[in-house]
There are 2 protein chains.
Amino acid sequence: MKNLKKRSECPISSSLDIWGDKWSLLIVRDLMLLKACTYGDFLKSEEKIATNILASRLQMLEDNEVILKQEHPDSKAKVLYKLSQKGIDLFPLMVEINLWADKYFTLPAERKKMVEAVKRDKQGFIEEAIASMQEQPK
Amino acid sequence: MKNLKKRSECPISSSLDIWGDKWSLLIVRDLMLLKACTYGDFLKSEEKIATNILASRLQMLEDNEVILKQEHPDSKAKVLYKLSQKGIDLFPLMVEINLWADKYFTLPAERKKMVEAVKRDKQGFIEEAIASMQEQPK
DNA sequence: TAAATTTGCTTGCGTTTTGCAAGTGCAAAT
DNA sequence: ATTTGCACTTGCAAAACGCAAGCAAATTTA
């Protein structure tokens with residue numbers, strides 16, 4: 001199941017071909033906030049993604065090497081999803097989304113705090129966050 | 001025709017509710033590159049959006065105040081679409097998409113040049129681009 | 001000034017994707 | 001040995017998409 005049909009050579013278009021839908025970046029968000037997620041973790045998220053859609057998006061993101069599937073240290077029944085470097089590199093983009101949203105929506109207190117930290121020192125915030133995502137990369 | 005149903009309070013989710021699809025950011029891209037577009041201009045783009053989809057996305061982006069519809073100075077038969085401030089504020093996000101894509105895809109020469117300029121001075125590039133988009137805002 | 005063309009859409013319709021619920025198979029716990 | 005947990009898969013109705021054709025108003029051409 002490969003979805004690698006490019007509509008054009010435009011980088012915006014090629015990027016949207018991978019994660020340009022309502023769900024993919026929410027999966028990436030969960031992985032940025034939690035570092036590693038099980039299938040069930042994604043289902044627990046506030047937006048209530050349907051399980052078949054989740055499966056298809058995880059497959060797509062894995063095919064495109066944005067996420068990695070690893071065995072869970074606790075049990076063979078569990079799976080651990082993590083961001084690859086390609087996924088981690090989406091962090092600056094996610095930061096900009098938060099900044100845009102901060103200007104036009106009301107953010108939950110928790111996220112607002114994060115955005116304020118970004119405003120204080122964007123570059124530092126991003127570097128620190130990326131470094132922490134890169135810990136014990138297995 | 002209002003599509004303002006929020007899946008959650010998460011800013012990523014709220015943002016995706018507006019432009020989280022395969023086409024909306026391509027419309028925004030066209031407007032960032034051309035400053036103002038007619039309906040026909042969007043249809044001419046490389047990705048070949050279907051006319052009914054284009055109409056629905058323009059409506060959605062207008063409902064959400066990302067774009068503005070103006071009368072064309074040359075003719076009543078034409079319409080001019082432009083970015084609102086809210087749309088212009090998506091520019092830093094678009095820059096990050098280009099940077100991400102530059103790392104993982106091969107960019108067309110023209111766009112590659114732009115990305116190199118961004119790498120030289122991101123903040124300056126963004127400020128200059130935004131200033132130029134804000135000229136004669138009518 | 002009548003006819004043809006341009007422009008910005010809308011409509012119909014078959015195909016694909018989504019969303020919801022239920023089901024399946026393997027692993028682990030009881 | 002049976003129940004529970006986990007990661008999916010399947011079925012199906014509803015919505016969204018994509019393509020082609022149609023349409024009304026404005027403009028250009030003959």
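Reminder, nothing fancy here: chain letters follow the sequence lines and each chain counts from 1.
- Between the CD1 atom in Ile97(A) and the CG atom in Asp102(A) there is a gap of 13.5 Å [rounded to 0.5 Å].
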*Yes or no on side chain to side chain donor-acceptor pair (under 3.5 Å) for Glu47(A) and Ser8(B), after CA distance, side-chain angles and deciding distance?*
CA-CA 6 Å; Glu47(A) 294 84 7; Ser8(B) 79; 2.7 Å; yes
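- Atom-to-atom, CG of Leu43(A) to P of dG5(D) comes out at 15 Å; the value is rounded to the nearest Å.
- With rounding to the nearest 0.5 angstrom, the CG atom of Asn98(B) is 10.5 Å from the CG atom of Leu93(A).
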*Apply the test side chain to side chain contact (heavy atoms under 4.5 Å, CB included) to residues Leu34(A) and Phe42(A): give CA-CA distance (whole Å), side-chain angles for both, the deciding distance (0.1 Å), then the verdict.*
CA-CA 10 Å; Leu34(A) 297 181; Phe42(A) 294 116; over 6 Å; no
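- Distance CG (Leu58(A)) to C1' (dA7(D)): 10 Å, rounded to an integer number of Å.
- Look at Lys69(B) and you'll find a side-chain N or O under 4.0 angstrom from OP1 or OP2 of dC9(C).
- Geometric assessment of Lys69(B) against the ring of Tyr39(B) yields a negative cation-pi assignment under the 6.0 Å and 45° thresholds.
- Side chains of Gln134(A) and Gln85(A): a donor on one and an acceptor on the other come within 3.5 Å.
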*In B/S/- notation, 5' to 3', how is nucleotides 24-30 of chain D contacted by protein heavy atoms closer than 4.0 Å?*
--SS---
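- With a 6.0 Å radius and a threshold of 12 heavy atoms from other residues, nucleotides or ligands, Glu46(A) has its CD atom above the threshold.
- Taking the ring axis of Trp19(B) as reference, the NZ or CZ atom of Arg57(B) does not stay both within 45° of it and closer than 6.0 Å to the ring centre.
- In this structure, Tyr81(B) reaches the sugar-phosphate backbone alone: every heavy-atom distance under 4.0 Å involves primed, P, OP1 or OP2 atoms, never a base.
- Proximity of residues 34-41 of chain A to DNA chain D (heavy atom under 4.0 angstrom from any strand atom) is restricted to Thr38(A), Tyr39(A), Gly40(A).
- In terms of the side-chain hydrogen bond (donor to acceptor under 3.5 Å, both in side chains) criterion, residue partners of Glu96(B) (sequence neighbours excluded) are, by chain and number, Lys122(B).
- Atom NZ of Lys76(B) has 12 or fewer neighbouring heavy atoms from other residues, nucleotides or ligands inside a 6.0 Å radius.
- For the pair Asp89(B) and Lys86(B), the salt-bridge criterion is not met [side-chain N within less than 4.0 Å of a carboxylate O].
- With no hydrogens or angles considered, no side-chain donor-acceptor pair links Tyr104(A) and Ser14(B) at under 3.5 Å.
- By the ring-ring contact (aromatic ring centres under 6.0 Å, His included) test, Phe125(B) pairs with no residue at all, sequence neighbours left out.
- Taken over five-pair windows at either terminus, the axes of the helix from dT1(C)-dA30(D) to dT30(C)-dA1(D) are inclined to one another by 10° (rounded to 10 degrees).
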*Which nucleotides of nucleotides 17-23 of chain D have their base under 4.0 Å from a protein heavy atom (B), which only their sugar-phosphate (S), and which neither (-), written as one string 5' to 3'?*
SBB-B--
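- The interatomic distance linking Lys44(A) (NZ) with dC8(D) (P) rounds to 14 Å, in whole Å.
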